[in-house]
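First the structure, in the form of structure tokens, and then the observations on it.
Along the sequence shown, residues carry numbers from 1. Atoms within a ligand are numbered from 1 in the order they appear, just like the ligands themselves.
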Amino acid sequence: MRRLLTLENLTLLSIVGGVLAGVFFPVLGERIKIVGDIFLALLKMIIVPLVFTSVFVATLGLGNLRKFGDMGVKTAIYYLSTTGLSVLSGLLLVSLLDPGKGSEIKLPESGPEVKKLTFEDLVWSIVPTNPIKSFTEGHVLQIIFFSVLFGLATLTVKGNKLDQIRDLFEGLNEALINLTRWVVKLTPLGVFALVCYVVSSVGLGVLKSLWEYALTVVLGLLIHALVTLPLIAFFFGGYNPYAYLRSIREAPLLAFSTASSAATLPVSMQVAQEKGGVRRETAGFVLPLGATINMDGTALYESVAVVFIANLYGIELSLPQMLVVFLTATLASVGAAAIPGAGLVMLTLVLSSVGVPLEGIGVIVAVDRFLDMLRTAVNVWGDLNGAKIIDRFVN
Ligand code: ASP
């Protein structure tokens, strides 16, 4: 019995319980919202110090610029190729199933406000002017950038000072992982409250009219998570991907419940090292970066959503336009923040790149939260798979 009552199984039970409670006792959702919010706050509280110490310690562990570059290049290759593959699956599937063709769904008159993203925005989202501001505002990419440079500079410090700094930060990093372990104990309770609130406030009824679209996204996500990524793991990582997924499943389950890769990051770091056997140097660098820029699930969803909305408007996308969708969906997933609903905002970028009316977003927004939960779980699984594979290729 005790073996069955693991944290992972309890989390899964809480998700199911949360859905049922949200459907049958919707008043409960609002009442226990605070429990979910406190749980989320506890996770978010750990993100900034954990990213800083992990990336810093990982950079010190790599020991020199060459090794760091090696890890960086391998991480980029894995992230870009898996994201590309996920967009490709999305495009193939959506072309095959053609959801929304000839549909009678009523199209909204006005769309969301669009903020154009520029190259400068991209630069300033990475390079900080004041690291303390990056810390207080939680800009993960800026924190990573600063921590890597600070780590590389620290490696040039002479004498035993370097060892003292290393000991101090390794200790702090360990303490933060322990803190994560405590918060993780609350997962079943937090997850129940979060899921119950979402289901009770959105309602499962919205899935009815948009089932074709939702089904296409879900199928695509399942194919990517259970076929494509495992094949890559098997051939390049040389391990059993399903056994690995089983051992680290707490992280994707939490990602599903919170719809936030960032909030899941402390748990991803903990399970990767303690249950998945990924070394600290690798997890400390690959996972924070992955949570921010590697979003396979989001990329796939963007590609399906844009073709679905085009179908609603009776717009046939040409092959070159599909190529533009391929590129912009990949870019949009890199640029999406690791928080709930970020993918929906980035969809404006993909839609406008091929001239599909942005108003279409008004249609899919109703089911977005549910799809967000699933795509975030796939995003986090993609990061964890990457950490395990890259760990094999760096020494
Ligand atoms: N919620 C997703 C994440 O945190 C991003 C998205 O909205 O697609 O990974």
- Carboxylate-amine/guanidinium contact Lys74 Asp70, below 4.0 Å: yes

- Does a donor on one side chain sit under 3.5 Å from an acceptor on the other, for Ser333 and Glu302? no

- Give a yes or no on whether Phe236 atom CZ has more than 12 heavy-atom contacts from other residues, nucleotides or ligands under 6.0 Å away. no

- Which atoms of ligand 1 sit under 4.0 Å from any heavy atom of Ala337? 5 (C)

- Using 4.0 Å as the upper bound for N to carboxylate O, is an ion pair formed by Glu250 and Lys275? no

- Task: For Ala259, counting its heavy atoms only, list the atoms of ligand 1 lying under 4.0 Å from any of them.
- Result: 1 (N), 4 (O)

- Looking only at heavy atoms, is any part of Leu344 under 4.0 Å from ligand 1, and if so is it the side chain, the backbone, or both, or is it neither? neither

- With heavy atoms of Thr298 as the reference, note each atom of ligand 1 found under 4.0 Å away. 5 (C), 6 (C), 8 (O)

- Message: So if I count the atoms of ligand 1 from 1 in the order they appear, which ones are less than 4.0 Å from some heavy atom of Ser260?
- Response: 4 (O)

- Query: Can an N or O of Ile339 be found at a distance shorter than 3.5 Å from an N or O of ligand 1?
  - Reply: yes

- Query: Among the heavy atoms of Gly341, does any lie under 4.0 Å from an atom of ligand 1?
  - Reply: yes

- Message: Out of all atoms in ligand 1, which are within 4.0 Å of some heavy atom of Thr376? Include the element for each.
- Response: 1 (N), 2 (C), 3 (C), 4 (O), 9 (O)

- Close-contact set for ligand 1 against Ala342 heavy atoms, below 4.0 Å: 7 (O)

- Show which atoms of ligand 1 fall inside a sub-4.0 Å distance from at least one heavy-atom site of Gly343. 6 (C), 7 (O), 8 (O)

- Output the list of atoms in ligand 1 that are nearer than 4.0 Å to some heavy atom of Asp372, sorted by atom number. 1 (N), 2 (C), 6 (C), 7 (O), 8 (O)

- Item | Heavy atom of Gly297, distance to ligand 1 below 4.0 Å | no

- Linked, directly or transitively: Leu358 and Leu317 (ILVMFWY side chains, under 4.5 Å): yes

- Look at the aromatic rings of Tyr213 and Phe308 and report parallel, tilted or perpendicular, splitting at 30° and 60°. parallel

- Query: Heavy-atom distance to atom 4 (O) of ligand 1: which of Ser261, Ala299, Ala255 wins?
  - Reply: Ser261

- Query: Only one of Asn379, Asp372, Asp368 clears side-chain hydrogen bond (donor to acceptor under 3.5 Å, both in side chains) with Tyr301; which?
  - Reply: Asp368

- Would you call Glu274 and Arg181 a salt bridge, taking side-chain N to carboxylate O under 4.0 Å as the test? yes

- Can you establish whether the number of heavy atoms outside Tyr313 located under 6.0 Å from its atom OH is more than 12? yes

